[in-house]
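Numbering of residues begins at 1 and proceeds along the displayed sequence. For clarity, every value in this text was computed on a predicted model and none was experimentally measured.
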Amino acid sequence: MAVMDMANSLPMWLACGLAVALVLAQAIIFALHAYKAGQKMGLSESQMKRAVKSSAITSIGPSIVILSGMLSLLITVGAPMAWMRLSFIGSVMFESIAAGFGTSSVGVQLGADEMTELAFCMAVWTMILGSVGWIIFATFSAGRMDKVQKKLAKGDPVMLSTIAGAAIVGSFAALSSTHLVSLNKNSLACVLGGVIMAVMIFITEKFQVKWLKEWALTFSILGSMIITVLV
């Protein structure tokens, strides 16, 4: 059996489909619990519908980026693995790097050399084992995060939001820094994304364009991607 025939075979679709079904089930369960929690908190139907709409629109931009990564993985590890990995984990950067590490360990350069059965297996195992730590850590630490938050913030909600915001900024700064210092098209895309987002925020606050706030992330991602490609 050819490698891509094996990668796109029915057993692979069934195995990967189980993981995606689990993610969909979790999303439905979380959404239902969030809806019930909103009702208990006294949120109106219009408020919750607005939150759902805003979340759905905001997710469009990142989803397009994930889709572009999925297209590249389709060629190298087949449709089932690309579908499962980017539905289950969602990190385009990690999946591509992990697959490359796996194939290179047996002397196959991802995207350049012909894929072998051994290289395919190594790519799959590297992607899976490389992300197991995230799942294990989240599983055993999620129930203790409230205690950690209270200890760090000492019961101050303002301090808690400051810590959370700083953590998010630090994470994205770490991800962007390597691209910025490389001084290539990745650097241009990062700068353009930041500039476009700043313009979107300015317009939103200056002219009170509420709908633009929901679409700002999508516009900044797509705008930076399109301009970078054209340049």
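Linking ILVMFWY side-chain heavy atoms closer than 4.5 Å, directly or via other members, places Leu118 and Met115 in two distinct hydrophobic clusters. Both Met6 and Trp13 sit in one connected hydrophobic cluster of ILVMFWY residues. Membership requires side-chain heavy atoms under 4.5 Å apart, directly or through other members. Grouping the Ile, Leu, Val, Met, Phe, Trp and Tyr side chains by contacts below 4.5 angstrom, directly or via other members, places Val52 apart from Tyr35. Cluster annotation: Phe120 is not connected to Met122 through the hydrophobic network of ILVMFWY side chains, with a link wherever side-chain heavy atoms come within less than 4.5 Å. Taken together through direct or relayed side-chain contacts under 4.5 Å among Ile, Leu, Val, Met, Phe, Trp and Tyr, Phe219 and Val199 form part of one hydrophobic cluster.
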Just do the side chain to side chain contact (heavy atoms under 4.5 Å, CB included) check on Leu180 and Cys190 with the steps written out, would you? CA-CA 7 Å; Leu180 289 172; Cys190 285; 3.6 Å; yes
Candidate pair Leu43 and Gln39, rule side chain to side chain contact (heavy atoms under 4.5 Å, CB included), full reasoning: CA-CA 6 Å; Leu43 295 176; Gln39 288 179 320; over 6 Å; no
Which is it for Glu95 and Met81 under the side chain to side chain contact (heavy atoms under 4.5 Å, CB included) test, yes or no, and what are the steps along the way? CA-CA 10 Å; Glu95 300 302 336; Met81 275 301 297; over 6 Å; no
List the steps and the verdict of side chain to side chain contact (heavy atoms under 4.5 Å, CB included) for Ile128 and Arg85. CA-CA 8 Å; Ile128 293 173; Arg85 294 302 301 172; 3.9 Å; yes
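Listed here is the closest heavy atom pair of Val108 and Thr116: CG2-OG1, 4.1 Å. Contact detail for Thr126 and Ala98: the closest heavy-atom pair is CG2-O, 3.2 Å. Annotation for Ala79 and Leu74: closest pair CA-CD2, 3.1 Å, computed over non-hydrogen atoms. Met48 approaches Gly38 most closely through the heavy-atom pair SD-CA, 4.0 Å. Annotation for Ser224 and Ala189: closest pair CB-O, 3.5 Å, computed over non-hydrogen atoms. Between Thr103 and Gln109 the shortest heavy-atom distance is OG1-C, 4.4 Å.
Ser54 contributes no side-chain N or O that, together with a main-chain N or O of Ala51, makes up a donor-acceptor pair within less than 3.5 Å. Remark: the backbone N or O of Ser44 is paired with a side-chain donor or acceptor of Gln47 at under 3.5 angstrom. A distance-only check finds no donor-acceptor pair linking the side chain of Ser176 to the backbone of Ala173 [under 3.5 Å].
Lys185 pairs by the side-chain contact (heavy atoms from CB on, under 4.5 Å) definition with Thr228, not counting sequence neighbours.
Residues Thr76 and Leu73 are in side-chain contact: their nearest non-hydrogen atoms beyond the backbone lie under 4.5 Å apart. For the pair Met127 and Val77, the minimum side-chain heavy-atom distance is below 4.5 Å. Looking at Met12 and Asn8, their side chains never come closer than 4.5 Å, going by heavy atoms from C-beta outward. Counting only heavy atoms from C-beta outward, the side chains of Ser87 and Val23 never approach each other to under 4.5 Å.
Atoms CD1 and CD1, from Ile196 and Ile226 in turn, are 9.0 Å apart once rounded to the nearest 0.5 Å. Rounded to the nearest 0.5 Å, atoms CD1 (Ile221) and CG (Leu192) are 13.0 Å apart. If you take OG on Ser131 and CD1 on Ile136, they are separated by 10.0 Å, rounding to the nearest 0.5 Å.
Within a 6.0 Å radius of CD in Gln26, other residues, nucleotides and ligands contribute more than 12 heavy atoms.
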